[in-house]
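See below for the structure under consideration.
Below, chains carry the letters A, B, ... as their sequence lines are ordered, and counting in each starts from 1. These numbers come from the heavy atoms of this one structure, side chains and all, not from hydrogens, waters or symmetry mates.
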Number of protein chains: 2
Amino acid sequence: MSETLLSSRNLAFELYEVLDAEGLTLRERFAEHNRETFDAALGTARSIAEKFFAPHNRKGDENEPRYEDGKAVLIPEVKPAVDAFLEAGFLNAARSFEAGGMQLPTLLSQACFAHFQAANAASTSYPFLTMGAANLIESFGTDEQKQRFLQPMIDGRFFGTMALTEPHAGSSLSDIRTRAEPAADGTYRLKGNKIFISGGDHPLSENIVHMVLAKLPDAPTGVKGISLFIVPKFLVNDDGSLGPRNDVLLAGLFHKMGWRGTTSTALNFGDNGECVGYLVGKPHHGLSYMFQMMNEARIGVGMGAVMLGYAGYLYSLEYARERPQGRLPDSKDPTTAPVSIVQHADVKRMLLTQKAYVEGAFDLGLYAARLFDDTTTLATEDERKQAHELLDLLTPIVKSWPSEFCLKANELAIQILGGHGYTREYPVEQYYRDNRLNPIHEGTHGIQSLDLLGRKLAQNGGAGLKQLIRLIADTSERAQAHDALTALRQPLEKLVARLQGVTIGLLTDLAQGKVNSSLANSALYLKAFGHTVIGWRWLEQAIRAQEGLARGNAADVGFYKGKLQAARYFLTWEVPACHHELDLLEARDDTCLSMQDEWF
Amino acid sequence: MSETLLSSRNLAFELYEVLDAEGLTLRERFAEHNRETFDAALGTARSIAEKFFAPHNRKGDENEPRYEDGKAVLIPEVKPAVDAFLEAGFLNAARSFEAGGMQLPTLLSQACFAHFQAANAASTSYPFLTMGAANLIESFGTDEQKQRFLQPMIDGRFFGTMALTEPHAGSSLSDIRTRAEPAADGTYRLKGNKIFISGGDHPLSENIVHMVLAKLPDAPTGVKGISLFIVPKFLVNDDGSLGPRNDVLLAGLFHKMGWRGTTSTALNFGDNGECVGYLVGKPHHGLSYMFQMMNEARIGVGMGAVMLGYAGYLYSLEYARERPQGRLPDSKDPTTAPVSIVQHADVKRMLLTQKAYVEGAFDLGLYAARLFDDTTTLATEDERKQAHELLDLLTPIVKSWPSEFCLKANELAIQILGGHGYTREYPVEQYYRDNRLNPIHEGTHGIQSLDLLGRKLAQNGGAGLKQLIRLIADTSERAQAHDALTALRQPLEKLVARLQGVTIGLLTDLAQGKVNSSLANSALYLKAFGHTVIGWRWLEQAIRAQEGLARGNAADVGFYKGKLQAARYFLTWEVPACHHELDLLEARDDTCLSMQDEWF
C-alpha cells in the first residue's frame, strides 16, 4: 500500500539526516531512548492513525457534532480512536517517565502526532487541546490543582480546552469581559461568554477542564489585567470523584466550512451565578502564562496545516501517477496511448510546488520542535536561553507559513484531480476546507505578522534575529562545498542580505515611534521573512541530499534528486520573487495605509 | 439597504464612463435602445436576483439535489426563481426582437446576468447552460432543429446542457468514446457515458436538450473526428408535443464541495441501444462548433467567478465597517474605544486587494462582452474580424484570471470575518467553495494557459496580440495627460515592453518545434499576461476616474479616489511582481519540466 499520511522515507531523512534526532539521546533526559525506541513510537503512531483515525475522517466531516439536550453528540468512531491514542501513551509522549509519560523529545512527539493530524485533523483536536490545557496546569498550577485536574488529564479521564475568545472582542483579548469574583472559600465565581471554544463539549471524557481567561474585579485595564482560571465542567471532590455539574452551559455549536468533526462551541459561564473557577498562578498574569505555552501550541497548529497539505500532496501524486490523460505537446498523435498526467509539465509544476511547500514546512515544524527540546535540555542556561530566543522569533512563521502555503498546496491537489477533486467522493476537497481554518485560529495571519515585526524581531536586542542570520550564513557556507548548490544558494544569500537592511530600517522607524507606517505592511514582511526561513531550510535539506547522494545508495538516488529539485524550485522560483515585497517595504509604501473607508 | 450583489455606482461607471455603452445605441441593431432601456433592464435583473435568487442561495447549498427514482430532485425555490428569470426575458436578452428577444447588446445582457451570478451561482447555472445550448442550435442547427428544439428553449419550456466530458478522458476530448451510429431515418443512435454534466437532470422544464459530443463510425481519430448531436431527454413529436422518453439515463449525481445547488450528473446514453440523436451541422465538425461558442461561454464563466468575488468583497467590506475590534498600533490605550476593523492597515490591504481583483476582473469581463458586440455589429467585416481576433486572444484571460484571483478575493473575505467567516452562519465561506469550481470547469487553468501560449498568440499572424499592444500603448499615452498617473503607468509600460520580448522568444521557439520546453511554463505566462491585461484595464479605469474627479461632482469624489487607490494597488503592488515570472520564462527554466516521476 502506498503511504497516505506522510512519507516515512522523508520523515527518516528529517529525523536522522537533517535534524540529528539521535544526537538528542546523548542528553540526560533522553538517554534511555535510541533510534529503535523512536522508530517504535513512530510505527505505533502510524498504525493507530491509519487504523482508528483515517477511516472516519470523511464520516466526521459529513456528520458534524449535533446539539442535543444541552450536549454535543459525536459520531461513535471518535471515542475508540481517541482511546487508542490515549492507551498508546501519545497524550503524554513528551512528559517525564515519573509523571507517567514516555519522556520522548518534543521532536519525536511532534513527529508521532503528525500522523494523527494527517489522518484526521478534527478528531485529533480533542487530545491536542487537552495537551495544551494540561501543560498550562503543569507549568503554573498549584500541587493541589495538579492532583485534582492535571492527573486525571494525564490519565485520560479528563479532557481540556482553551477558552479565550469572546463575541465582541475576537483577537483583541485586552477587551474581554468575562469576570471572576473572589468567593469566601478562595475560589472564584465566573460570569461571561466565550465563543469558538473547540472541544467545549463532547462525550469523550468524564470531565472537561476549561482554561479560561477572565478579569478580576480589581484588574488593571487591558492585557495586564487578564487572569487564568481552571473551570471544570463537573466539580471535582477531594477524593477525585466527580461532584455536581458546574455552571458552564453549552449555548450552541458553530457550523464550520471544514474541520467539522471538532465541536466549536459557545459557552456561557455563570448564567446562574454559580460557575466555580480556580485561579492559576498569580492574578493578572493569565495572558503571559498563555503566551509561554504558545510556542508549543503554535508549532502544533503549524504542523497541523503541514499535515493536511502533506496528505493532499500524497493523494494527488498517486492520482497523477495512475490517471492516463492526454499526450505531451510534441506528440499529439491521437492514435498513441495517453500518458499518465504526472508526465505533463504543468502537473509536475503543481506537484513540485506542493512538495516544496509541504516538505519545506514539515522540516521547519520539526526544526522548531527540536528547538523546543533545546530550550529544555541544552546543557547551559545560556544555550537554553538562546534556543528560546530563536524559537520565539520563528514561532510566527512556524504557525503562519504552513497555514498559508500548505493551504495553497491543497488548492493545487484539487486542481490535479480536476472535476473529481472538486467532489466529496475524493478526499482533497476536505483537506482544503479543513486547512482554511489554520490561518485564522491560534492567532490570525495578521496577528502573526504584527507579532513578528512589532515584537519578536526587537526582543532581547534582536538576539533571535542575529542567531538566525548566523545560522543561515553557516548553512550557506556549508553549501559552498557543493558546486551543484551554487544556483540555489545565491538567491537565498541575496534575499537575506536585503532582508537585513530592510529589517534594520523598519526597526529604526519603530524605535522612532513611526508605529503605524512601519507596521502597515507587516503582511509583506511576514511573507518575505517566511520565505527566507523556508528557503534556508530547503538549502539545508539540499546539503543533506547532496551528502546522501555521495553515499551512493542506489535505492535512495530518486529520493535525493527529488529533494534537490524541490529545493531548486523553492530557491529559484519562489525566493527571488520576495524582492518585490522588500521593495514595497523599503519604500514604506502607503497604498493600503492611506486608503480611506469612504473610498471603498 | 447596502448593496450585496454588486455596486450600482461601479456598474454605471463601467457602462457609461469606461465602456461607452451608449455608443452602442448608435449601431443599427441597438438603435431602439438607450440608457433608459439599459437601466430598466438592469433594475429588473437586480430586483429579481434579490427577490428570487439570493434568498435561497444558502438553502440550495445545504440541500443539494437528491437522486430519487432515476430523477434529480431540487428544493422548491429554484423553479420560481428560474421562472421569474424567464418571464422577464433574460434568457433571450441578447436575442433579436423577431426571435423573441430583447435585442440588448451582450455588454448589457452580461451586466444583467451578473446580478444573478452574484445572488446564486448554482440556480443561475440552469438558464446559463440553456443559453449556451440554444446558441449552438441557433448558429449551427437546421431550420427543423430550430423549430423543434430551439424555439421551446427560447420559450422557456425546454432547458439545455453541454455534454462533453467522459470518465476516462477528462479534458482530453480527442479521446472521447461516445459513439453515434446512423439510423435508417437519418437520425443517429448514441452510446456512451458522460460525467460532470451540469443541469443533466432537474424538474425545471418539460424537456432537456443535451448537446452531446460523439464520434461517427467513420470518424477520423482525434479532435477532428468529433461530431455534435442534439439528444433530447424526451423525443419531440412533429407537432411540438413531447414524445416518449429517450434512452438517456441519469446514472447518478456528483456531490461537490460547492456550487451544490446545480445538479452535476453522470448520464448514460443508449444503455438500451435506443438513444436517438440528431446531427448538428456537418459530421466531424462538432468541436469547432463548440469552440465557436466558447468565447461567450467563457466570458460567462469568468463573470461568474468575478461575481462570487464581488459578493464576498461587499459582504466583508460591510462587516469590516460594522465590527469594532482592537486599536491602531499607535494608540494601544485599552481605555479608548475599539475602532472598526476597516481602520486596520492589514484589513484595508485585504479589502483593497479584493477591490482590485474584483473590479479589475469585472471591467475585463464587461470589456470582453462589448468586444463580443463588436464582433457582430461593427460596420465593416474587417473591423468585426479584428474584434474577433482580440476577443479570441483575451478569452483565456477572461476565463482564468477571475477564476484564480477572485477566488483569492473570497479567501481574503473569509479572513476579514475571522472565525465567523469560517462558519456557515455567514455567506463568505460558500462563495469560496462555489468559486473553487471556476478554475476547473469550461477548460482548466492548465488548458487555458496552453490555449493562450500554444494557440491564441500566434493565431492570424499574431494579429490579436498586435492589437492588444496597440491598445495598451494608446491607454498609456492617454494616461500621460494626468501627472497623477505617472507612477501607475510606468510599471505597466515596463512590463508590457518586457512581455513582448519574452513572447517573441517563446513564439520563435515554438515555430522551431521546441514545443515541450516553450510550453512547460505556460502557467507563468498566463499569470504575467493576465496581470498585464488587468493592469491595462486598471490604467484605463484610472484615466476615467481622473476625468470624473475633474468634473468636480462632490458626491463622486470618494468613488473616484477609491478607483485610483485600487489602480495604484494593482499597478504598483501586483504588476511589478510579474517580472519574476518573465525571468523564469526568458531563461526557459526547466525546473518543473525536468522533474521526474520517480523523484517525487
Report the option among [options] that has the most heavy-atom pairs separated by less than 4.5 Å from atoms of chain A.
{"options": "B/Asp583, B/Leu450, B/Asn521", "result": "B/Asn521"}
{"options": "B/Ala320, B/Ser340, B/Gly258", "result": "B/Gly258"}
{"options": "B/Gln565, B/Gln430, B/Glu429", "result": "B/Gln565"}
{"options": "B/Thr423, B/Leu328, B/Asn10", "result": "B/Thr423"}
{"options": "B/Ala566, B/Ala520, B/Gly558", "result": "B/Gly558"}
{"options": "B/Asp597, B/Val515, B/Thr572, B/Val557", "result": "B/Asp597"}

**Complete:** Tightest non-hydrogen contact, residues A/Ser331 and A/Arg327, listed as O-CB, 3.1 Å
**Item:** Spacing of B/Ser518 atom OG and B/Tyr525 atom OH [to the nearest 0.5 Å]
**Value:** 12.0 Å
Where on [X] is there a heavy atom nearer than 4.5 Å to chain B: the side chain, the backbone, both, or neither?
{"X": "A/Glu64", "value": "side chain"}
{"X": "A/Leu352", "value": "both"}
{"X": "A/Ile414", "value": "both"}
{"X": "A/Leu593", "value": "both"}
{"X": "A/Tyr432", "value": "side chain"}
{"X": "A/His445", "value": "both"}
{"X": "A/Arg9", "value": "neither"}
{"X": "A/Asp175", "value": "side chain"}
{"X": "A/His255", "value": "both"}
{"X": "A/Leu173", "value": "neither"}
{"X": "A/Ala577", "value": "both"}
{"X": "A/Arg321", "value": "side chain"}
{"X": "A/Leu253", "value": "backbone"}
{"X": "A/Ser174", "value": "side chain"}

Would you mind checking if [Y] and [X] are paired as a salt bridge, meaning a charged N to carboxylate O distance below 4.0 Å?
{"X": "A/Asp434", "Y": "A/Lys256", "value": "no"}
{"X": "B/Glu359", "Y": "B/Lys563", "value": "yes"}
{"X": "A/Asp590", "Y": "B/Arg568", "value": "yes"}
{"X": "A/Asp61", "Y": "A/Arg424", "value": "no"}

**Asked** How are the rings of B/His420 and A/Phe254 set relative to one another: parallel (under 30°), tilted (30 to 60°) or perpendicular (over 60°)?
**Response** perpendicular
Could you tell me if [Y] and [X] have a donor-acceptor pair between their side chains, going purely by distance under 3.5 Å?
{"X": "B/Asp333", "Y": "B/Thr336", "answer": "no"}
{"X": "B/Tyr313", "Y": "B/Tyr431", "answer": "no"}
{"X": "B/Thr444", "Y": "A/Gln415", "answer": "no"}

**Message:** Please identify, among A/Leu317, A/Thr165, A/Leu519, A/Ile341, the residue contributing the most non-hydrogen atom pairs under 4.5 Å to chain B.
**Reply:** A/Leu317
**Item:** Partners passing salt bridge (charged side-chain N to carboxylate O under 4.0 Å, His left out) against A/Glu166 (at least two apart in sequence or in another chain)
**Value:** A/Lys194
**Prompt:** Among B/Lys355, B/Met350, B/Arg349, which one satisfies side-chain contact (heavy atoms from CB on, under 4.5 Å) with B/Thr353?
**Reply:** B/Arg349
